[in-house]
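Working notes, beginning with the structure itself.
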Amino acid sequence: AQLRSMNRRLDRTARALEQRTSELQRMYSLLHTAFEATADGLLVIDQEGVRVANPRACQMWSIDPAFQPDRVGEVLQHIADRLVDPAQFLDTVTEVRERNIARDAVVLALTDGRIVDASFRPQRMNDVVVGCVVSFNDITRQKRTQSALEGLSTTVVNPARPDEFFPSVAQQLAHLLEVDAVVVSMLTPEEGRQAVRTVGLCIDGQIVPSVEVDPNAEPCPSLEADPGTVLMCHDVQARFPDVALFQRVGATGLAGVALRDSKGRRIGSLLALSRRPITEQATVDALLRLFAVRTAAEMERQLEQHRFHDLFEYSPDAILMVNASGAIVRANRRAIEQFGYSHDELMQLQVETLLPERDRAAHATLRRAFFDAAVPRLMGTQGQPLLVRRRDGSQFPADIGLSPLRSVDGLLTAVDVRDVSERVRNEEQRRSLEAQLRHAQKMEAIGTLAGGIAHDFNNLLAAMVAN
């Protein structure tokens, strides 16, 4: 009986152990699967070196997955040798093991340019620290994007001069993408044809002067069918044999995106060129799109600015830009011709200098009142031109229009001065002719009246003689 009881207890214990073993095996299988499949690299490091590495860690650190346990120390040193600062990694491993603390967000820079974010955790067994578990997350793409955003918000967004913007874009993007050249090109109409010229060109880290590109061989027209596409090409020499710039760089790989204005029209292109096939296409795609948005916005702004400049410079009227203190801050070509001053001389004058002396004090008061409540209007009364003064002291009549304009320098007023001397002369001639006509009509009326009176008088005389 005792033997049977003992057998039953042994059977129950065996079944419990079997169940527990099955649960442990299932748990181990789940943990092993998670360890193998996780997107982060994982290392288990004991006192001697690396004991276990998952596939992602082997890939990140170029570790042979079949490394032998007797070479764990070599594997640890192999990892350290691939870091810019090996001591940072080794000291952190030692600190975690010896002091039983965790370390997070440890940024490690690799000699190949990659950046990883590492977390260190002590490995405990029966409350005793026996090693260290390290997880690695490759954050190279995030760091590049962050660096790109910082570049766009500092040196690229606020260059010292507007003409430095596109070269700065090319140089910054070439550095971030680690390519041999970056080209920023702009479409410009010239003499009835569409020309393509580079406005930003960086080759081997150096900014290069602008060159003209053959629009028939330029690659980005192929993007017209799908405006949102980033063009990727790995055989540049074969596909674009006629582009001298590509031959000059010796490009093999190309990534390009069309630059478009706010209405969706293509105004240029942004190209990255490499002497080897371009890898990390997702990163290249993201950075190109990011830079393309800012570059296209600046290109559209500059094109609009050029159009405004042309309208301003070649206007048939004299146009002056005047600030609230009355200083002339800009003048077009017609103003220089009309007033007889040089451009530099005009930039040193108050606008009142261009008026007759008798009107200057009153005009200064009116100018201040206009800036207090600036709305577009004409100076003077309707149809009554004002007199303005040339450099030589001569005066001429003019119609003057005022238009307030907001700018980075504050409120300005565009003063449009139209010489109406010919119109005034024509008006004076018309008034003179009208006066002569009225005088002739008056004399004709007097002659008619005199003739009538003489006729009546003759009739009276004839009657008197007859009687």
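Put simply, CG on Asn332 and CG on Leu311 are 11.0 Å apart, with the number rounded to the nearest 0.5 Å. Separating the CG atom in Asn137 from the CD1 atom in Ile115 is a distance of 12.0 Å, to the nearest 0.5 Å. Between atom CD1 of residue Ile45 and atom OG1 of residue Thr94 there is a gap of 9.5 Å, rounded to the nearest 0.5 Å. The distance from the CZ atom of Phe166 to the CG atom of Leu259 is 8.5 Å, given to the nearest 0.5 Å. Atom OG1 of Thr413 sits about 3.0 Å away from atom CZ of Phe371, to the nearest 0.5 Å. Atom-to-atom distance recorded for Leu346:CG and Phe339:CZ is 8.0 Å, nearest 0.5 angstrom.
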Show, in sequence, the C-alpha distance, side-chain angles and deciding distance for Ser421 and Asp419, and conclude whether the side-chain hydrogen bond (donor to acceptor under 3.5 Å, both in side chains) test is met. CA-CA 6 Å; Ser421 299; Asp419 186 346; 2.6 Å; yes
Take Ile328 and Thr353 through the side-chain contact (heavy atoms from CB on, under 4.5 Å) test and state the conclusion after the steps. CA-CA 10 Å; Ile328 298 172; Thr353 307; over 6 Å; no
Let me see the working for Val182 and Leu270 under side-chain contact (heavy atoms from CB on, under 4.5 Å), right down to the final yes or no. CA-CA 7 Å; Val182 168; Leu270 182 60; 4.1 Å; yes
The test is side-chain contact (heavy atoms from CB on, under 4.5 Å); show your working for Val417 and Leu354 and say whether it passes. CA-CA 11 Å; Val417 183; Leu354 304 179; over 6 Å; no
Please assess Arg114 against Asp112 for the test salt bridge (charged side-chain N to carboxylate O under 4.0 Å, His left out), listing each intermediate value before the final yes or no. CA-CA 6 Å; Arg114 289 180 295 155; Asp112 61 6; 2.9 Å; yes
Step by step, work out the side-chain contact (heavy atoms from CB on, under 4.5 Å) result for Leu110 and Met60. CA-CA 10 Å; Leu110 280 70; Met60 290 177 66; over 6 Å; no
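Partner of Glu352 under the salt bridge (Lys or Arg N to Asp or Glu O under 4.0 Å) criterion, chosen from Arg389, Arg360, Arg358, Arg367: Arg367. When each of Val183, Thr252, Val179, Ile203 is paired with Leu273, the side-chain contact (heavy atoms from CB on, under 4.5 Å) condition holds for Val183 and for no other.
Counting heavy atoms from C-beta outward, Leu303 and Arg307 have side chains that approach closer than 4.5 Å. No side-chain heavy atom of Val236 sits less than 4.5 Å from a side-chain heavy atom of Val249. The side-chain heavy atoms of Leu355 and Val388, taken from C-beta on, include a pair separated by under 4.5 Å. Residues Val169 and Arg294 fail the side-chain proximity criterion, which asks for heavy atoms closer than 4.5 Å. The closest side-chain heavy-atom distance from Val184 to Met299 is below 4.5 Å. Residues Leu201 and Leu245 form a side-chain contact, since some pair of their non-hydrogen atoms from C-beta on lies under 4.5 Å apart. For the pair Gln302 and Val199, the minimum side-chain heavy-atom distance is 4.5 Å or more.
Between Ala331 and Met347 the shortest heavy-atom distance is N-CE, 3.6 Å.
With respect to the salt-bridge test (charged N to carboxylate O, under 4.0 angstrom), the residues Arg418 and Asp317 qualify. The pair Arg239-Asp235 does not count as a salt bridge, with every side-chain nitrogen at least 4.0 angstrom from each carboxylate oxygen. A salt bridge does not link Glu427 to Arg423: none of the charged nitrogens lies less than 4.0 Å from a carboxylate oxygen. A salt bridge is absent between Arg301 and Glu304: the closest approach of a Lys/Arg side-chain nitrogen to an acidic carboxylate oxygen does not fall below 4.0 angstrom. The pair Glu337-Arg334 meets the salt-bridge criterion, with a side-chain N (NZ, NE, NH1 or NH2) lying under 4.0 Å from an Asp/Glu carboxylate O. Salt bridge Arg275/Asp204: present, at least one basic N to carboxylate O contact under 4.0 Å. Salt bridge absent: Arg368 and Asp372 never bring a charged side-chain N and a carboxylate O closer than 4.0 Å.
For Arg430, the CZ atom counts as densely surrounded, since its 6.0 Å shell holds more than 12 non-hydrogen atoms of other residues, nucleotides or ligands. Under a cut-off of 6.0 angstrom, the local environment of CZ in Arg390 is crowded, with over 12 non-hydrogen atoms contributed by other residues, nucleotides or ligands.
Using cut-offs of 30° and 60° for the angle between ring planes, the Phe136 and Trp61 rings count as perpendicular.
A donor atom on one side chain and an acceptor atom on the other are found under 3.5 Å apart for Asn323 and Ser325.
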